[in-house]
Protein chains: 2
Amino acid sequence: MAKMTEPEQEPEQRSGPGAGGRTPRERYRAQVRAEIKGHAWEQIATAGASALSLNAIAKRMGMSGPALYRYFASRDELITELIRDAYRGLADTLGAAAGSGADVAGLAQAIRGWALEDPQRYLLIYGTPVPGYHAPDDITGIARGIMATLLDAYAALPAGEERTPFERSFESYLAEHRQWAGDHPAEPPALRRALAGWTRIHGVLSLELSGHFAGMGIDPAQLFAAELDALLTG
Amino acid sequence: MAKMTEPEQEPEQRSGPGAGGRTPRERYRAQVRAEIKGHAWEQIATAGASALSLNAIAKRMGMSGPALYRYFASRDELITELIRDAYRGLADTLGAAAGSGADVAGLAQAIRGWALEDPQRYLLIYGTPVPGYHAPDDITGIARGIMATLLDAYAALPAGEERTPFERSFESYLAEHRQWAGDHPAEPPALRRALAGWTRIHGVLSLELSGHFAGMGIDPAQLFAAELDALLTG
DNA sequence: GATGTGGGTTAGAACTTCTCACGAACACGA
DNA sequence: TCGTGTTCGTGAGAAGTTCTAACCCACATC
C-alpha cells in the first residue's frame, strides 16, 4: 500500500462538525468502512471471529478481494477496529444506563443485555485472546472508562456491614494497588466490591454465552440474579 | 469449523488389555497420534487454537501434508480430540487432588494451577466457543464428572450460617432443577455454593488467563484468594 | 485542462484444508 | 515361502485464505 502517513485516524478527521466527514470522498470512505464492519459483525455472530473472511465480505459487497485493503490494512486491523467498536458500544450502553440512574444491579443487567444481544461481540473483548495480541492504548483507555462507570455505582452503594479480616487485608492491598482505578476516589471497600462484581458477573455471563449452562437445565438468568443478590447483600 | 463429524471411536478398538494397543501397528498408530497431539498443543500454546495448522505439524514431523489425515479425519476432529484430552486432564488432576484429601480451597487451587500450566488449554474448553460446535456426548460426561468432584467437596463443607431469603428461593429452584448434578445427593445449599463457586472461580481465572489484569497492576493470585475466601466464609 | 490521489481491477505468491490416485511396506494366511 | 490385503505415505490438485504488485480510471483540485 502507499504511504498513508499516519494511523489513518478514522475518516472523520479533525474536520468540522460531528458525524459524517467533510468531503464526499471522506463520506464515501466512511460509509464503505461501516458497511465492511457490518458484514464482519454478521460473519462473527454466525461463525465466530476466527471464521471472518475479508474475501467473503468483499464478494458479498460486490467487489473483488483486494479492494478491501484500501479500507483496512489487514484482517487484524479490521478485527482490532471491531474490538474497539465493541468496547465503545459497551462503554456507551453502560454510560447511558448510569446516566439514567441505574444502580449496580441496573448496570449488571445492562451488561448482560448487551452481551446477549451478540454473544460473540462480548466474547471478542472478554473471551479467548490470541496469545501475541496487545490492544492499542486507546482501547485500554475505553476499558478504564468502563471500570470507572462501575466504580461510580459501587461507590454510591451503602457502606455495607462489617468485613472479615481477610477482606480488610485485601482492601489494604487494593488501597496500595489502585492504579487500575485511575484517580477514582472510591474507598477501598468499593474497590474490592467492584472488582469482585466484575469478575463474578463475567464468570456467570461468560459461561452462559459459551453455552455451558445449556445442557445443564439451569436458567442462566436465575443464576445471574443470584450472583447479583449475593454481590449486593454480601 | 463446521460439522465435527462423529467421535470416530478410537483406533484401539475393542482389543485386548488396557493401554498401549496390541499389535505393533496399533502401537505405532497410537504413538504417531500422540506425537501429532503434542505438536498441536505446542502450536496452540504459542499461537492459539485458531492458528493450529495440520500442514505445519506434518512438516515438523518430517512427513508431507495429507499423511496426517490417516490419523485424524479433519482439523476439527483433532481439535475435538484435544478438547477431550483437556477435559480428561482437568478431571484427572481434580480427582487426584480430591483423592489426596483436598477441600474446596485445594480443588480451586488445583484448577488454577492446571489452568496456569497452559492457559490456552483451559481456554480451549472454557473460552470462546465456535458458534456451531456441539461437543460429543462423552465429553459432556467428563464435564459432569468434574462437577461431581466439586459437588463432593462442597457437600463436605460445614453447613454455614443462615441464608438470605433470596438464597433460599434460589435453592428451592435448584432443588427442582438438579439434573446437571446427576444423581449427586448434595443438599440444595451445596448445589448453590458449588454453582457459585464454579462461576466465580472461572470469572477471575478467565480474566487472569486472558490478560485483563496484566495492565491493571493487580496480582491475580490475591484476587483469586479473595474470591476463594468470600466463597468459604460467605 | 493537466496533474495527482484514491478506488478498483486482475495476476500471482504463499499459505491453508482436504480429496484422490498411486506406490510401497508391512502383516498374515495358505 | 509365497501371495494377498490392509495400511501408510506420497505427489498432484482443487478450492479456499491473506496479502502484494502493477495497472487503469475516475474524480478533485490546482
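Atom set for the values below is all heavy atoms of this structure, side chains included, hydrogens, waters and symmetry mates excluded. Chain naming here is simple, since letters A, B, ... match the order of the sequence lines and numbering starts at 1 in each. Since the model is a prediction, treat every value here as computed from it, not as a measurement.
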query = Can we say A/Glu26 and A/Arg29 salt-bridge, meaning some charged N sits less than 4.0 Å from an Asp/Glu carboxylate O?
reply =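 Salt bridge between A/Glu26 and A/Arg29, a charged N being under 4.0 Å from a carboxylate O: no.
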query = Mind checking whether B/His202 and A/His202 have parallel, tilted or perpendicular rings, split at 30° and 60°?
reply =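 Plane angle under 30°, so parallel.
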Considering only nitrogen or oxygen atoms on both sides, find all protein atoms under 3.5 Å from nucleotides 6-8 of chain D and state each distance.
{"residue": "D/dC8", "atom": "OP1", "partner": "B/Arg29", "partner atom": "NH1", "Å": "3.4"}
{"residue": "D/dC8", "atom": "OP2", "partner": "B/Arg29", "partner atom": "NH1", "Å": "3.4"}
{"residue": "D/dC8", "atom": "N4", "partner": "B/Arg70", "partner atom": "NH2", "Å": "3.4"}

Rounded to the nearest angstrom, tell me the gap between atom [atom1] in [X] and atom [atom2] in [N].
X	N	atom1	atom2	answer
B/Arg75	C/dC15	CZ	C1'	13 Å
A/Glu26	C/dG7	CD	P	10 Å
B/Arg27	C/dC26	CZ	P	17 Å
B/Met63	C/dC18	CE	P	15 Å
A/Leu78	D/dT18	CG	P	10 Å

Short side-chain to backbone donor-acceptor contact, B/Arg121 and B/Leu82, under 3.5 Å = no
Side-chain donor or acceptor of B/Thr140 paired with backbone N/O of B/Asp137 under 3.5 Å = yes
inquiry  = Is A/Ser64 close enough to C/dT10 that one of its side-chain N or O atoms is under 4.0 Å from OP1 or OP2 there?
reply    = yes
Sub-4.0 Å heavy-atom contacts from residues 50-62 of chain B onto DNA chain C, ordered by number =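 Heavy-atom cutoff 4.0 Å gives B/Leu52, B/Ser53, B/Leu54, B/Asn55.
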query = Less than 6.0 Å separating the ring centroids of B/Trp114 and B/Tyr126?
reply =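 Centroid separation for B/Trp114 and B/Tyr126: 6.0 Å or greater.
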